[in-house]
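Contents: one structure, followed by commentary.
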Protein chains: 6
Amino acid sequence: MPKSSNLPNKSAKAAAKAAIAKPAKDQPVLRSIKGGKNTGAKASSGKYDPAKTHPATPDDTPVIALKLEGSKLSPAMAAYFKKCQEKLGFVPNVLLAYAFDTAKLETFAAMYNDLMLGDSGLSKLEREMIAVAVSSQNRCYYCLASHGAAVRQYSGNPLLGEHLVMNYRVARLNKRQRAMLDFAVKLTASPWNVEEGDRERLRRVGFTDREIWDISAVAGFFNMSNRVASATDMRPNTVYHAQAR
Amino acid sequence: MPKSSNLPNKSAKAAAKAAIAKPAKDQPVLRSIKGGKNTGAKASSGKYDPAKTHPATPDDTPVIALKLEGSKLSPAMAAYFKKCQEKLGFVPNVLLAYAFDTAKLETFAAMYNDLMLGDSGLSKLEREMIAVAVSSQNRCYYCLASHGAAVRQYSGNPLLGEHLVMNYRVARLNKRQRAMLDFAVKLTASPWNVEEGDRERLRRVGFTDREIWDISAVAGFFNMSNRVASATDMRPNTVYHAQAR
Amino acid sequence: MPKSSNLPNKSAKAAAKAAIAKPAKDQPVLRSIKGGKNTGAKASSGKYDPAKTHPATPDDTPVIALKLEGSKLSPAMAAYFKKCQEKLGFVPNVLLAYAFDTAKLETFAAMYNDLMLGDSGLSKLEREMIAVAVSSQNRCYYCLASHGAAVRQYSGNPLLGEHLVMNYRVARLNKRQRAMLDFAVKLTASPWNVEEGDRERLRRVGFTDREIWDISAVAGFFNMSNRVASATDMRPNTVYHAQAR
Amino acid sequence: MPKSSNLPNKSAKAAAKAAIAKPAKDQPVLRSIKGGKNTGAKASSGKYDPAKTHPATPDDTPVIALKLEGSKLSPAMAAYFKKCQEKLGFVPNVLLAYAFDTAKLETFAAMYNDLMLGDSGLSKLEREMIAVAVSSQNRCYYCLASHGAAVRQYSGNPLLGEHLVMNYRVARLNKRQRAMLDFAVKLTASPWNVEEGDRERLRRVGFTDREIWDISAVAGFFNMSNRVASATDMRPNTVYHAQAR
Amino acid sequence: MPKSSNLPNKSAKAAAKAAIAKPAKDQPVLRSIKGGKNTGAKASSGKYDPAKTHPATPDDTPVIALKLEGSKLSPAMAAYFKKCQEKLGFVPNVLLAYAFDTAKLETFAAMYNDLMLGDSGLSKLEREMIAVAVSSQNRCYYCLASHGAAVRQYSGNPLLGEHLVMNYRVARLNKRQRAMLDFAVKLTASPWNVEEGDRERLRRVGFTDREIWDISAVAGFFNMSNRVASATDMRPNTVYHAQAR
Amino acid sequence: MPKSSNLPNKSAKAAAKAAIAKPAKDQPVLRSIKGGKNTGAKASSGKYDPAKTHPATPDDTPVIALKLEGSKLSPAMAAYFKKCQEKLGFVPNVLLAYAFDTAKLETFAAMYNDLMLGDSGLSKLEREMIAVAVSSQNRCYYCLASHGAAVRQYSGNPLLGEHLVMNYRVARLNKRQRAMLDFAVKLTASPWNVEEGDRERLRRVGFTDREIWDISAVAGFFNMSNRVASATDMRPNTVYHAQAR
């Protein structure tokens, strides 16, 4: 296990701090928050105090197990980080991980925001449900912690988050959502076996072809993210764990 | 199997045709070509004539098995398609598949171009080798056909392309490249098992942490693309098959 | 999904209620609690109110998806349930599930208590860590929820519980504990491959042969429990989810 | 491979010998024998003589590959061993293995006897069939040898024992028994995939919910025993191999 | 399950009977027998009487689950069958299965006899050990029953046969034989992973390259036979089960 | 990776050269060629020049990674090699690999020729399709390269060869051929799961029991060949790669 400090983490944090002077309004944050409450603040000052329970090894330092030389954030990305800080109370570690290279951060954030927050026949909750079911199949710690929290928040149902983290088959889903997750998990586990019959099963429960694209694209995206996270030992912000329990 | 015509295909082709009037010079194409020869043209007018061998069902029509309503290409994307047409002799089908939604096309192309053509300690050939080894593990037809052709082209070694398509372990690689593909394939098959020891193995054969990121990001990207392609039954341009044999 | 009410649940609850009149002191409870605080009570009256977030389908009603005719609890078991109620604030659902047959409940409780609470060179936390790592391999909802909570409580480290639920390889363990979980998970995933070399690896990090027996027996036990729980769709008490976050 | 002698084996044998002086009548033996014939005696004095064919390395010495300090058997367990000796002609090695700790031996024997010999809608043969099918999936030598013999004895059909040891799918079973083993083997191989549909398949061939519990509990039990046996390299009594061929 | 009678079985038996008039001396039999005792006869008239224990469904009738029109045996094959009858007491069912086509029977028997009985640095027992270990990995009933008997006979060690049928890792083998079976089983389970390192491991324990060929060829052969047997539900002669116990 | 020269290769080539003086007419070649054109000659003098693209490491020298002392070819095999040379322009490397032992070469060639070129209700193309689908499941480089070329040649459809190499599920097959390949691939991946239902599925699309035998036998044969090839690192003749593209 790497014990050295993580440069991008530091440089990204410095860049994010510098960026606070220049606010930006039109940037979507990684996850939209209903009601705008600062969940992160609540969590960090609330019942669970990570500094107390394990002061020596906070789980998310360093963010990843690679030493990467950080670059300066572009103004757009600096504004984005500032918005995260304001709305969430923290910058998600995946963004800090990508921040060593502004171009990579931008392409990642653009794809993420389009897929997870853009227009779709799938609700934001449904997209997060796919994220968690896929990440459970791949046993990805980063994504299970962060998107498990998202499912708990969006659904207002803490149990649903746990079901999807542990075994999506135990969740009490309607037929549409069950078919959606069955497709996403099969696509994750054995993509070579996905065929017209699988698409037909989605159509039969009411999904349009455009929605099938979105299910596929979200499931595909997390198959990418899961692997970047596992390859780099990416650590979720500790704050996620206590959110919306 | 879907027998209906594929709208995005048509609309994207119309949009691409419309875009030909407004050229753009600074757009990278999906694959840079050494020497600028129009491989596609050679292939399409050469020995292999798909229209003759199977006129009724050209393999790549429709491009995908979903009917998606096409949108108009943005000027940037129209220019990009035009550049593909000029340099490659065709627009890669994956771009036509994404063209139903210009925003999605742009985020996909931006990430692709950064990863596969941007600065990296990995050569373009090495990145294509990862693409093929990952796609072989996932048995993804689209990516094996298109990136297998890229490996043959970049390497000038047709056998290397076949080795990676069929079983990368038979390729006669140096230690660095073998370690690179071992990591990428393990990350594909069981990402949950990737740990510090795996990163150490890469460092021991000379990879920097930044290069480990790039290996991970490229492997991750094709784990996404493979799944979008399999989920939608994406078909590669027929021209790829005969390239650089 | 079964929609009918679950008899053992009802009869067991009735039996448990009846048993409250006859207290018993010498019965070990399913999990010993440090300091004796009634965690269950706190959870049920605290921040998370399951009745509010999903009143129609409380997760743990019915306890299992089988309709079993309940029998009367033996005095020993009635006392045991009463003690659970006093110390934990609830009777763990796995006990309610077995309560349809007092003999089965007794053999289960006796084995459980011997393994998890009896004398051993493994700490109670270590035994719970094995329980969670095994249950994660088997994706058992009941055991992940209940024993994940136990790991959080015993360790005072909420993150450790999440690590073991999601992918034990991300937990920052010492060599001894890592070897212990590697053995337990291999024994779970492919018992036929466990050989002298595996036992030797445990001895090399300091485990005695007696401790190797205990690791094996605990891992074996949860391979049983996981399957009984999955076979019957056993539901954990909702209260576990918010414990010790 | 361990070459040292195995203490529990010795101490257990000493304890068992000591116990012979105090008989006990009400103790069930590990396997009830139709007609009360001493099969073991026949086998040990019959055609197959292990001492002759491989005198240097009798398969079952030591019983397990762990050196465990033996404890004195409780009177109940001593009586149990004596009864085994009288009825079977030998004490099953699994009991000798557990005998290092009387409490563990008692909980194991109690659960075993309740599950395999207690009241159930499943015949004893059916429970042994589950034991063998599960043990075949887990490739457990101890359980295949001992319970394979039990299937041969109970069924009077030596071939059935071999079918279940080798591949239960070749056995010519009625629909009820085939469904029972399909469930048990699926529960063994991928418990996370067992759902209401699987239980429904059992109900459709006539199993009651109580019998589904029993199938699950027996399958679960052997998933435990298989792992304890594999983890400790437990060796079956040589006598099993020639029984009821 | 097929209930119709099996033609090749009948026609082959008729052909074999017809062939008895014309003996042939120089034909090797499927398995050479030490000492020439007629094991089959002993088994069929001995302790185990299949006609008594399951008269309605003798396991090996029909030999396979396909109805194939039988052809006349060539004189060489008729002589071969006659020799089997004389030396073994029966014609192995695999030969009856292939007998519907004399050309196929001849190529099968020629390859079998060359591999299993021809010159090799591997003993006949070692080749049978490979056969059983491979067949266990593939869970092939026909080959486990017939070649398990062969291992028991050749080795004079009934336990060895059971070890290899159930899990070859429990057999107490020398390093050479263990390496041989490890190679054969890996080649069976994941041939794509076999590389120079695996061959080196065989050379290190003393195998010549020619012997590595033989290990590979025998393992390959049973990967073929296992599949023909499973595909056709081939049934071993009942007599095998009781041989050399 | 072995760097030593490969003896059988040399001796076999010498033997083949010597054999050219004594022609033989009635020997079938490994693959019959429609129209009798010498494809091999075209390939070796055509567009693809392996000596130019990778002069230092021609892929197929040595043919296998084992050093085997070559024997003299029998007159029949010498004639066979000569015929290959005349009709194909080369001797397939698999024959050179077996040539170290004429008896083994003869049994291999006899079985191959009976199965792949003999009478059958399956067309030669269909048998080659099975060969490729099986070899893809086993990721066998030798067989994918050589039989992939055969599918391209027989079908006149280069894409079909690529489909079967990469993932047979993307090929646009009729129901009969799809069922045939589904059976062959299941038989390859998990032979123990093949049962009467699988045979019934083949009968339902029109296969006779004799054709089911042939599908099984061809699939079985390539499960053997794939393993011999992988075990020995067998290399296909370079000429295959450019054939019939």
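Since the model is a prediction, treat every value here as computed from it, not as a measurement. Both backbone and side-chain heavy atoms feed into the values below; hydrogens, waters and symmetry mates do not. Lettering follows sequence order; numbering is per chain, from 1.
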*Between B/F222, B/Y98, B/F221, the one whose heavy-atom pairs under 4.5 Å with chain A are most numerous*: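 Looking at each of B/F222, B/Y98, B/F221 in turn, B/Y98 comes out on top.
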_Portion of A/D101 that has a non-hydrogen atom of chain B nearer than 4.5 angstrom_ =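 The side chain, not the backbone.
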How far apart are the closest heavy atoms of [X] and [Y], and which atoms are they?
{"X": "B/D214", "Y": "A/K104", "value": "OD1-CE, 4.0 Å"}
{"X": "A/A65", "Y": "B/R203", "value": "O-NH2, 3.3 Å"}
{"X": "B/S230", "Y": "A/P191", "value": "CB-O, 3.4 Å"}
{"X": "B/W192", "Y": "A/N138", "value": "CE3-O, 3.4 Å"}

_Over 12 non-hydrogen atoms of neighbours within 6.0 angstrom of CG in A/N174_ = yes
_Verdict with reasoning, A/M111 to B/M224, per side chain to side chain contact (heavy atoms under 4.5 Å, CB included)_ = CA-CA 12 Å; A/M111 186 177 281; B/M224 174 177 70; 3.8 Å; yes
Determine the option with the most heavy-atom pairs under 4.5 angstrom with chain B, choosing from [options].
{"options": "A/T107, A/D114, A/L187", "answer": "A/L187"}
{"options": "A/S225, A/G197, A/G220", "answer": "A/G220"}
{"options": "A/R210, A/E106, A/E200", "answer": "A/R210"}

_Contacting region of B/Q137 [heavy-atom separation from chain A under 4.5 Å]_ =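 Contact with chain A involves the backbone of B/Q137 alone.
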_Quick check against the 3.5 Å criterion: does A/D209 have a side-chain atom that pairs as donor or acceptor with the backbone of B/K67?_
yes
*Judged by atom type as modelled, is there a donor-acceptor pair below 3.5 Å linking the side chain of A/R227 to the main-chain atoms of B/T188?*
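Flag set: sc A/R227 to bb B/T188 pair under 3.5 Å.
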*Dump the intermediate steps for side chain to side chain contact (heavy atoms under 4.5 Å, CB included) on A/E196 and B/D233, then the final yes or no.*
CA-CA 8 Å; A/E196 185 61 13; B/D233 193 25; 5.9 Å; no
